[in-house]
Amino acid sequence: MDGAGSLYHFLKTGKRSRPLEPRSGSGRERNAAKATLQGFEQIGEFTFRRRRRVPSPLSVPAHETLLFTGTTPGDLLFFDTESTGLSGGAGNTIFLLGIGRPEGEELVIEQYFLADFPGEKEFLSACLSLFSPNRLLVSYNGRTFDAPVLAARFALHRLSCPLPRHCDLLPPTRRLWKHTVGSCSLKNIERAVLGVKRENDVDGAEVPERYFRYLRSRDPRHLDEVVTHNEIDVLSLSRLLGVLERLRREPEHAQAPATAPADVSALAALVAPHDAERAFKLLEVGLASGDIRAGLSLGFRYKQCGRQAEAQRVFERLFEIRGDLTAGIEIAKYAEHRARDPERALSVVTALLDRRPRPEPPVRELLLYRKARLERKCIRF
DNA sequence: TTTCACGATGGGACCATAAC
DNA sequence: GTTATGGTCCCATCGTGAAA
C-alpha cells in the first residue's frame with residue numbers, strides 16, 4: 001500500500017502523519033502572495049481579515065426599530081459568502097465571508113478570507129465571533145444557499161452552529177418587483193431598483209474558478225474582483241433593506257420615477273397586516289390608475305373581509321373597463337347566490353362567453369355549465 | 001328532514017428561480 | 001451544474017343554503 005501520508009493511512013488512523021505540502025512555491029513565496037491581497041491582515045495561519053467603514057446606506061437612526069425586521073439597525077448583520085460551487089454537500093467550501101454591521105452612521109464591513117483548504121476550521125472559528133444569537137442575519141437567498149452551506153461546514157468540523165435568526169430579502173423583493181423588473185437577481189435589482197450599476201464586476205458563476213486559479217498560482221489578483229463583488233453584495237443588502245423599510249413606512253411614495261415601481265398588490269400585502277385601511281387605499285389608487293392586478297386584489301380583499309358591496313363595486317368597475325373575466329365571474333356568483341338576480345348573472349356570463357379573446361376551454365366549459373343552470377333558474381323565476 | 005349543488009378553504013404536487 | 005423556498009395550480013373536503 002502507499003505511504004504514511006496517504007488517504008489510506010488517514011482513514012485507518014484518523015491522523016495526518018505529516019503536514020500537507022504547499023501547492024506551489026516555498027512557504028515564504030506563499031506568504032508573500034497572501035500578503036498582497038488588498039487591505040487584508042493575517043489573523044491566522046490561513047485566515048485573513050479586512051475591515052472597512054463606509055457611510056451606512058440604511059438611513060434609519062440607530063435607536064429606531066425597523067418596521068420591516070422588528071430590530072434596531074445595530075442588531076443587523078448583512079451577510080454574503082463566496083464559495084467553491086453551488087451544491088450544498090461536503091464538496092462546497094466557503095472561502096470568503098462578508099458581514100456588514102451598522103454602527104451609528106456607518107456600516108462596518110468585515111471580510112474573512114480562507115487562503116487554503118487546510119485552514120478551514122481556523123477560518124470558521126474566526127468567523128464564529130460574528131454570529132451572536134441576538135443578531136438578525138440579513139441575506140439575499142441566504143436561507144436557501146449561504147446559511148445551509150455555512151451550517152454544513154460548521155457541522156463538518158464539529159463546531160456548534162451559531163447562526164442566529166435570519167431575514168432573507170429575496171422573497172419580499174420577488175413579490176414586489178417580479179412583475180415590473182422580471183429576473184430578481186441581486187444584480188438586476190441593484191440596477192432597476194437601487195439605481196446602482198456595477199463596474200468590472202465578476203459574474204457569480206465565475207467565482208469558484210477564480211479561487212481555484214488563485215490556489216494554483218497563489219496570485220491574489222485573481223481574487224480582487226471577487227472581494228469587491230462580495231463587498232458590493234453586502235452594501236446592496238443594506239441599501240435594499242433601506243428601500244424595503246421606506247416602502248413599509250411610506251408606501252404611498254413608493255412609485256418614485258427613478259426606480260422600477262413596486263407591484264401595488266404586493267405593496268398592499270406588505271402593509272395590510274399592520275394597517276389594513278392603508279392597504280385598501282393603496283389598491284384604490286392603483287385601480288384608479290388602471291392597474292387591473294391591484295383592482296382584483298382589492299376586490300378579493302374586500303370580499304374576504306365581508307365587505308361585499310365594496311367588492312362588487314370594484315368587480316363591476318373592472319368588468320366595465322376591461323370586461324375582465326375574473327371580475328365577471330365574481331359578479332355572476334354574487335348576482336346568483338346573494339342578490340338573487342339570475343337574469344343579471346346570466347347576462348354577465350353570456351357577455352363573458354362572447355368576449356374576445358374567447359375564454360380558454362376549461363373556463364369556457366365552466367361558464368357554459370353556469371349559463372345552463374342560470375337559464376333554468378330564469379325560466380322558473 | 002334529506003339531498004344536492006355550490007363556493008370557500010386547506011393541503012399536496014409541481015414549477016420557477018435565486019445563490020456560487 | 002444543486003438545492004430549498006415560495007408561488008401557483010389542482011383536488012378533496014367542509015359548510016351553507018335551496019329545493020324536493
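Quantities reported herein were computed from a predicted structural model and do not represent experimental measurements.
- Applying the 4.0 Å criterion to OP1 and OP2 of C:dG6, one finds that A:R174 has every side-chain N and O outside that range.
- At least one test fails for A:R216 against the ring of A:Y211: distance under 6.0 Å to the centre or angle within 45° of the axis.
- In this pair, A:F300 and A:F315 present their aromatic rings perpendicular. The plane angle is above 60°, beyond the 30 to 60° band.
- Residue A:T144 places its side chain closer to C:dT3 than to any other of C:dT3, B:dA19, B:dA8.
- Here A:I94 lies out of heavy-atom contact (under 4.0 Å) with every strand.
- In this structure, A:Y334 atom OH and C:dT16 atom P are separated by 19 Å, rounded to whole Å.
- To the nearest angstrom, P of C:dG7 lies 11 Å from CG of A:L176.
- Atom CG in A:N92 sits roughly 15 Å away from atom C1' in B:dA18 (whole-Å rounding).
- Donor-acceptor pairing under 3.5 Å is lacking for the side chains of A:T81 and A:S83.
- In this structure, A:R218 satisfies the cation-pi test against A:Y214, with its NZ or CZ atom closer than 6.0 Å to the six-membered ring centre and inside 45 degrees of the ring normal.
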- [ ] Start with the C-alpha gap between A:N230 and A:F113, add the side-chain angles, then the distance that decides, and say whether side chain to side chain contact (heavy atoms under 4.5 Å, CB included) holds.
- [x] CA-CA 11 Å; A:N230 178 259; A:F113 173 67; over 6 Å; no
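- The listed nucleotides are B:dC6, B:dC20, B:dA19; the one nearest the side chain of A:S83 is B:dC20.
- The interatomic distance linking A:Q308 (CD) with B:dA8 (P) rounds to 8 Å, in whole Å.
- Taking for each of A:P208 and A:N141 the nucleotide of DNA chain C with the nearest heavy atom, the 5'-most of the two is the partner of A:P208.
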Report, one line per pair, each donor and acceptor closer than 3.5 Å where one atom sits in a side chain of residues 166-175 of chain A; sequence neighbours left out.
{"from": "A:H166", "atom 1": "NE2", "to": "A:S139", "atom 2": "OG", "distance (Å)": "2.6"}
{"from": "A:D168", "atom 1": "OD1", "to": "A:N141", "atom 2": "N", "distance (Å)": "2.7"}
{"from": "A:D168", "atom 1": "OD1", "to": "A:L170", "atom 2": "N", "distance (Å)": "3.0"}
{"from": "A:D168", "atom 1": "OD2", "to": "A:N141", "atom 2": "N", "distance (Å)": "3.4"}
{"from": "A:D168", "atom 1": "OD2", "to": "A:G142", "atom 2": "N", "distance (Å)": "3.2"}
{"from": "A:D168", "atom 1": "OD2", "to": "A:R143", "atom 2": "N", "distance (Å)": "3.1"}
{"from": "A:T173", "atom 1": "OG1", "to": "A:L169", "atom 2": "O", "distance (Å)": "2.5"}

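- Using a cutoff of 4.0 Å between basic side-chain nitrogens and carboxylate oxygens, A:R246 and A:E250 are not scored as salt-bridged.
- Between A:H337 and C:dG17, a side-chain N or O to OP1/OP2 separation shorter than 4.0 Å is absent.
- Residue A:R143 has its side chain nearest to C:dT5 when only B:dA18, C:dT5, B:dC20 are considered.
- Here the nucleotide nearest the side chain of A:K178, chosen from C:dT8, B:dC20, B:dA18, is C:dT8.
- In this structure, A:H166 places its NE2 atom 13 Å from C1' of B:dA18, rounding to the nearest Å.
- Atoms CG and CZ, from A:L353 and A:R370 in turn, are 11.0 Å apart once rounded to the nearest 0.5 Å.
- Between its two ends, the helix from B:dT1-C:dA20 to B:dC20-C:dG1 turns its axis by 10°, counting five pairs per end and rounding to 10 degrees.
- Candidate nucleotides C:dT3, B:dC6, B:dA19 were compared by shortest atom distance to the side chain of A:R373, and B:dC6 ranks first.
- A donor-acceptor pair under 3.5 Å is absent between the side-chain atoms of A:E336 and the main chain of A:D341, judged by distance alone.
- Using a 4.0 Å heavy-atom criterion, one finds that A:K303 contacts the sugar-phosphate atoms exclusively.
- Rounded to whole Å, atom P of B:dC20 lies 11 Å from atom CG of A:L170.
- For the OP1/OP2 pair of B:dC6 and a distance below 4.0 Å, the side-chain nitrogens and oxygens of A:Y369 include at least one atom meeting the criterion.
- Distances were taken from every side-chain heavy atom of A:C184 (C-beta onward) to each of B:dA18, B:dA19, B:dA5; the shortest belongs to B:dA18.
- Atom CG of A:L150 and atom P of C:dA4 are 16 Å apart (whole Å).
- Taking only side-chain nitrogens and oxygens, A:K333 comes nearer than 4.0 Å to OP1 or OP2 of B:dA8.
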Identify all pairs in which a protein N or O lies below 3.5 Å from an N or O of nucleotides 13-15 of chain B, and state each distance.
none

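- Among the nucleotides C:dA18, B:dC20, B:dA8, the one closest to any side-chain atom of A:H229 is B:dC20.
- If you check every strand for non-hydrogen atoms under 4.0 Å, A:D233 touches sugar and phosphate atoms only.
- Considering A:R198, A:R52, A:R51 as possible partners of A:E231, the one that fulfils the salt bridge (Lys or Arg N to Asp or Glu O under 4.0 Å) test is A:R52.
- Of the candidates C:dA18, B:dC20, B:dA19, the closest approach to any side-chain atom of A:R340 belongs to C:dA18.
- Using a 4.0 Å heavy-atom criterion, one finds that A:R370 contacts the sugar-phosphate atoms exclusively.
- Interatomic distance, A:H229 NE2 to A:D224 CG, rounded to the nearest 0.5 Å: 14.5 Å.
- When the side-chain nitrogen and oxygen atoms of A:S183 are compared with OP1 and OP2 of B:dA18, one or more of them lie within a distance under 4.0 Å.
- When the C1' atom of B:dA19 is taken as reference, atom CD of A:E206 falls 16 Å away, rounded to whole Å.
- Under 3.5 Å, the side chains of A:E105 and A:S56 contain no donor-acceptor pair of N or O atoms.
- Comparing C:dG17, B:dC20, B:dT17 against the side chain of A:E82 picks out B:dC20 as the nearest.
- Closest to the A:R175 side chain, of the nucleotides B:dA8, C:dG7, B:dC20, is C:dG7.
- Across all strands, A:T81 comes closer than 4.0 Å only to sugar-phosphate atoms, never to a base (heavy-atom distances).
- Nucleic acid contact class of A:D80 (heavy atoms, under 4.0 Å, all strands): sugar-phosphate only.
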